[in-house]
Amino acid sequence: MDRNTGTVFLHKISAGFWGLRIQKAVSQYPCVILLAGILSAVLPATLFPENPFLTALLPPFLTLLLIPFTGLNRTFRFFALPATVALCALFLHSQTHKNSLSALLNHRPAIGVELEFEIKDPTLCGTAAGLRDPRYVASQIRQLRFSSESEWLAVHEKIMAVFPKDHAEQLSYGKIFYARGILYLPEKPILPGGFDYGKYLNRRNIHYLFSVDEILQTQAPEQTFFRKVLNFRDQLTRSLIAPIKNNKNKALAAALIFGSRHGIEREELDSFRQSGTIHILTVSGLHVGLFTGAILFLLAYFPFRYKMLIAPVLTFFYVWMTGLQLPALRAVIMLFCWCIPKAFLRQSKAMNSVFLACSILLLLYPSQIGDAGFQYSFICVFFLILSCDRTAEWLKLLFEKHHWYPYRSQGKWVQFKLKCGYKSGMILAGSLTAWIAGFILTLYYQDLCVPFAMPANLLILPAAWCSFVFFTLGMIPGLLWKPAGDFFAVLQDHTAGYILSVCDYFARITEGNITHPPLWSIFAGMITLFLLLLPFQKKRLLTGACAALLLIFFWCSGLNTPAEAEFVILYGGKQTQPLFIYSDPDKKFSLIVNPADFQCTAAAANYLKQRGHATVSLLAATSPGKEYIGSGKYLCDMIRPEEIALPEPTKNTTALRETIEKAMKKGAKIHLWSRKNASNEFFFKTFTKNNGFSFDISENQLKIYVQTTVCKNSGMRIKVGREVPGNSRTFILPFRKEISVIRMAVNELQESGI
């Protein structure tokens, strides 16, 4: 093929149907190709970190493919150059975020050290608000030594400091601690599919945790400019939040306005999660939008340009007070990308601003592409903007007859109704779109189906906006005059109480745990929603609607639920007695026995949720001691028990009593039995003999026999069988620090000859 023939061939391709569509899209949304170039470098490095050649070769390959469609000049400027910058950003990110601490510790999983570390968690305002401080606090090492006699080594690595439960030291950003303790790696998930705390920390450049055993000395924080900004935040907290009398409402107000969620108890967190409103507890796009809306409301009579310039600057200062957390930083960058062109009357599409903000953030923080919050933010905003034009078209059809009359001749009451109807329609459509997009992601990341998230959010968002209005109105008066701060604190108290009651109501009427969906179904859901929101075409709309119905049926009908019954044993670590789990999704029966260790208990609850259990059918313990039921009360918050079968409490069984009280609050049916006269009335019986115990579970004509015996040298012997103890499988569990898992299908017990 000669040169002229090749040129004509390329020209035909570029003038083709897809070439014209791509050129039109690039001319309207130039930041789309900019983001595509950055993603071509970032995505392979995130998905396939062990294959650097793919990261290096994909951008040039895609560049060559795009040249016929977008032209050499535009492809170079908007795709190849951003991809090159993204590769450089990835290289700098890998160099500056190296785990040098691991090499210094000779790759040991745990070691005793003395540290000088500085607290780097800007959300700490517990002292100012009168709330308890958290145990887990993001910090940075300044110096390290292995003993009192060795020399200090200068180290600058982020860690997660774990303070004792009842530590007396007040925590604040910038405070310096000298302490002894254990530096250790985060443990991996006990069961497959569980929450990987190590990966969560690694995305925040934290590789080690430090368990504080003894605090030797403390030092007041240095008064940097950022510290002064946080001091101003603490003054606002003392004047507008600390006077709230109800601790639950106080904790919610601190989380809603400043993102300081460490005062919220686990029970309230679960209520927000089950009702689909957990996002209001993290300062993110919602909070930035509410604060900006409150500012624009107060600046209603200012000129348009001043409003567009003042609002993002004040919002950035607010985000700075909350500690410049990444979710809020994402939102404020999007706000600047939207407001600045508007202020200078430049045409700028909202979708273009979203793509530009996403590109900037990926260049600054490439690892955020794998963060759930990052995906929530941009996917929900993308679909919200995409739905605006479609919603406006439908609303115009709804109010079409009013467009044939002059607007001023319709009367003020009719004008008011039209405005209210139009805005209400936009709000409802936006809420529905955000709920669907969030629903798809929530299925994958939290194994939750939140059917009432839309009404719950519609009820609490006006109250949340009022909370920000009260905050902005009370900032200056509250600082200057204490009664004014008390007045606005009362308003915040009532607002927070209303939000809590709404979330608690919707959390109680739903138990939305479903089986963990496959990744392909999440991509299919996104594509389906995209088809539904594109310009109206009957065939495309019908295709999208059918695909949506099929996906909803697949997610919620139980087709993805594993039908095979499983029996799991967790042992080791602080779980001195084995924890037993039985799961039969087909018969909707589940069992947890001896939840003593918190980590094992959380893994057990998560395991049942992933297998489609919204509740645990029976919670049991074979003895009243703490080593058998120490985390029972926490399990009741993680997954609601339908029935509990526990020994009768004695004088020294605090953990057992707390579990019973918590289960009663959750509405569980209580069965207590005496150790002297064990009963088999409730599909459960237990007895102790020769340092061991046994129990039988009978449900749907299925019996499993378990016997555990403590051996002097080998650790613990467990026999698991069907109906009779003579035919069983035997496991020897050695005493060990690490938590281990034995997982078997119940059918395996039948195959062994039982």
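For this chain, numbers begin at 1 and follow the sequence in order.
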- Query: Side chains of Val313 and Phe317: does their closest heavy-atom pair fall under 4.5 Å?
  - Reply: no
- Message: Ignoring hydrogens, what is the shortest heavy-atom contact between Ala179 and Val212? Give both atom names and the distance.
- Response: CB-CG1, 4.0 Å
- Note: Tyr208 and Ile206 closest approach over all heavy atoms is O-CG2, 3.6 Å
- Can you list the residues that meet the side-chain hydrogen bond (donor to acceptor under 3.5 Å, both in side chains) rule with Gln217, with sequence neighbours excluded? none
- Task: In sequence, state the C-alpha distance, the side-chain angles, and the governing distance for Leu281 and Leu252, and then conclude on side-chain contact (heavy atoms from CB on, under 4.5 Å).
- Result: CA-CA 8 Å; Leu281 301 182; Leu252 177 58; 3.6 Å; yes
- Query: More than 12 foreign heavy atoms under 6.0 Å from OH of Tyr634: is that the case here?
  - Reply: no
- Does the side-chain contact (heavy atoms from CB on, under 4.5 Å) test come out yes or no for Asp637 and Lys666, once each step is laid out? CA-CA 8 Å; Asp637 288 331; Lys666 297 292 183 178; 3.6 Å; yes
- What is the minimum heavy-atom distance between Ala456 and Thr277, and which atoms define it? CB-CG2, 4.0 Å
- Query: Do Leu473 and Phe488 come close enough that some side-chain heavy atom pair is under 4.5 Å?
  - Reply: yes
- Message: For Ala507 versus Ser275, what's the shortest heavy-atom pair and its separation?
- Response: N-CB, 4.1 Å
- Item | Phe374 CZ to Ile379 CD1 distance, which is reported to the nearest 0.5 Å | 9.5 Å
- Item | Under 3.5 Å donor-acceptor, Ser260 side chain and Thr123 backbone | yes
- Task: Evaluate side-chain contact (heavy atoms from CB on, under 4.5 Å) for Leu201 paired with His207, printing each intermediate quantity in order.
- Result: CA-CA 6 Å; Leu201 293 179; His207 304 285; over 6 Å; no
- Sorted by chain and residue number, the ring pair (Phe, Tyr, Trp, His ring centres under 6.0 Å) partners of Phe297 (sequence neighbours excluded) come out as Trp465
- Task: Would you check if Leu386 and Leu529 make a side-chain contact, meaning some heavy-atom pair closer than 4.5 Å?
- Result: no
- Under the 3.5 angstrom rule, does the side chain of Asn457 hit a backbone N or O of Gly276 as a donor-acceptor pair? yes
- Query: Going from CD1 on Ile280 to SG on Cys503, what distance comes out if it is rounded to the nearest 0.5 angstrom?
  - Reply: 5.0 Å
- Do Phe177 and Phe163 have their ring centres less than 6.0 Å from each other? yes
- Would you call Asp121 and Tyr136 a side-chain contact if the rule is heavy atoms closer than 4.5 Å? no
- Message: Test your reading of the model: is there a side-chain donor-acceptor pair from Arg305 to the backbone of Ala343, 3.5 Å cut-off?
- Response: yes
- Partner set under side-chain hydrogen bond (donor to acceptor under 3.5 Å, both in side chains) for Thr315, not counting sequence neighbours: Thr292
- Task: Salt-bridge test for Asp504 and Arg508: reply yes if a basic N is under 4.0 Å from a carboxylate O, no otherwise.
- Result: yes
- Show your reasoning for whether side-chain contact (heavy atoms from CB on, under 4.5 Å) applies to Lys248 and Glu268. CA-CA 8 Å; Lys248 290 184 178 181; Glu268 278 74 43; 3.3 Å; yes
- Task: Please collect all salt bridge (charged side-chain N to carboxylate O under 4.0 Å, His left out) contacts where either partner lies in residues 457-479, sequence neighbours excluded, each pair once.
- Result: none
- Going through the distances and angles, do Phe258 and Phe471 end up as a ring-ring contact (aromatic ring centres under 6.0 Å, His included)? CA-CA 11 Å; Phe258 293 121; Phe471 169 69; 5.5 Å; yes
- Message: Holding to ring pair (Phe, Tyr, Trp, His ring centres under 6.0 Å), I want the full list of residues that pass it with Phe382, two or more places apart in sequence or in another chain.
- Response: none
- Is a side-chain donor or acceptor of Lys175 paired with a backbone partner of Gln170 at a separation under 3.5 angstrom? yes
- Query: With sequence neighbours excluded, what pairs up with Phe470 under the ring pair (Phe, Tyr, Trp, His ring centres under 6.0 Å) test?
  - Reply: none
- Query: Which residues satisfy the side-chain hydrogen bond (donor to acceptor under 3.5 Å, both in side chains) test with Thr442, sequence neighbours excluded?
  - Reply: Tyr376
- Residue pairs passing the salt bridge (charged side-chain N to carboxylate O under 4.0 Å, His left out) test where at least one lies in residues 470-486, sequence neighbours excluded: Lys482-Asp486
Could you pull out every donor-acceptor pair under 3.5 Å between side chains of residues 225-234 and any protein atom, sequence neighbours left out?
residue: Arg227; atom: NE; partner: Asn231; partner atom: OD1; Å: 3.1
residue: Arg227; atom: NH1; partner: Tyr173; partner atom: O; Å: 2.6
residue: Arg227; atom: NH2; partner: Asn231; partner atom: OD1; Å: 2.9
residue: Arg227; atom: NH2; partner: Asp234; partner atom: OD2; Å: 3.3
residue: Asn231; atom: ND2; partner: Gln223; partner atom: OE1; Å: 3.1
residue: Asn231; atom: ND2; partner: Arg227; partner atom: O; Å: 3.3
residue: Arg233; atom: NH1; partner: Pro122; partner atom: O; Å: 3.1
residue: Arg233; atom: NH1; partner: Met321; partner atom: O; Å: 3.1
residue: Arg233; atom: NH2; partner: Pro122; partner atom: O; Å: 2.9
residue: Arg233; atom: NH2; partner: Leu124; partner atom: O; Å: 3.3

- Task: Enter the distance from Leu115:CG to Ile176:CD1 here, rounded to the nearest 0.5 Å.
- Result: 13.0 Å
- Message: If I take atom CZ from residue Phe210 and atom CD1 from residue Ile141, how far apart are they, to the nearest 0.5 angstrom?
- Response: 8.0 Å
- Message: Once ring pair (Phe, Tyr, Trp, His ring centres under 6.0 Å) is applied, do any residues pair with Phe291, and if so which ones, sequence neighbours excluded?
- Response: Tyr318
- Task: Identify the heavy atoms of Pro366 and Val42 that sit nearest to each other, and give their distance.
- Result: O-CG1, 3.6 Å
- All heavy atoms of Val288 vs all of Leu335, minimum pair found to be CG1-CD2, 4.3 Å
- Ile333 CD1 to Cys358 SG distance, which is reported to the nearest 0.5 Å: 10.5 Å
- Please tell me if the side chains of Leu441 and Met526 come closer than 4.5 Å, counting only heavy atoms from C-beta onward. yes
- Message: Could you work out, with side-chain hydrogen bond (donor to acceptor under 3.5 Å, both in side chains) as the rule, every residue matching Arg273, not counting sequence neighbours?
- Response: Asp270
Distance-only check: which donor-acceptor pairs under 3.5 Å involve side-chain atoms of residues 489-500, not counting sequence neighbours?
residue: Gln492; atom: OE1; partner: Ser467; partner atom: OG; Å: 2.5
residue: Gln492; atom: NE2; partner: Ser467; partner atom: O; Å: 2.9
residue: Asp493; atom: OD1; partner: Asn249; partner atom: ND2; Å: 2.7
residue: Thr495; atom: OG1; partner: Leu491; partner atom: O; Å: 2.8
residue: Tyr498; atom: OH; partner: Leu459; partner atom: O; Å: 3.0

- Heavy-atom side-chain proximity of Ser359 to Pro82 below 4.5 angstrom: no
- Please tell me if the side chains of Val137 and Val162 come closer than 4.5 Å, counting only heavy atoms from C-beta onward. no
- Tell me, do Met454 and Phe439 make a side-chain contact under 4.5 Å, heavy atoms counted? no
- Message: So does Ile257 get a backbone contact from the side chain of His287, meaning a donor-acceptor N/O pair under 3.5 Å?
- Response: no
- Message: Nearest 0.5 angstrom please: Tyr197 OH to Asn202 CG, how far?
- Response: 11.0 Å
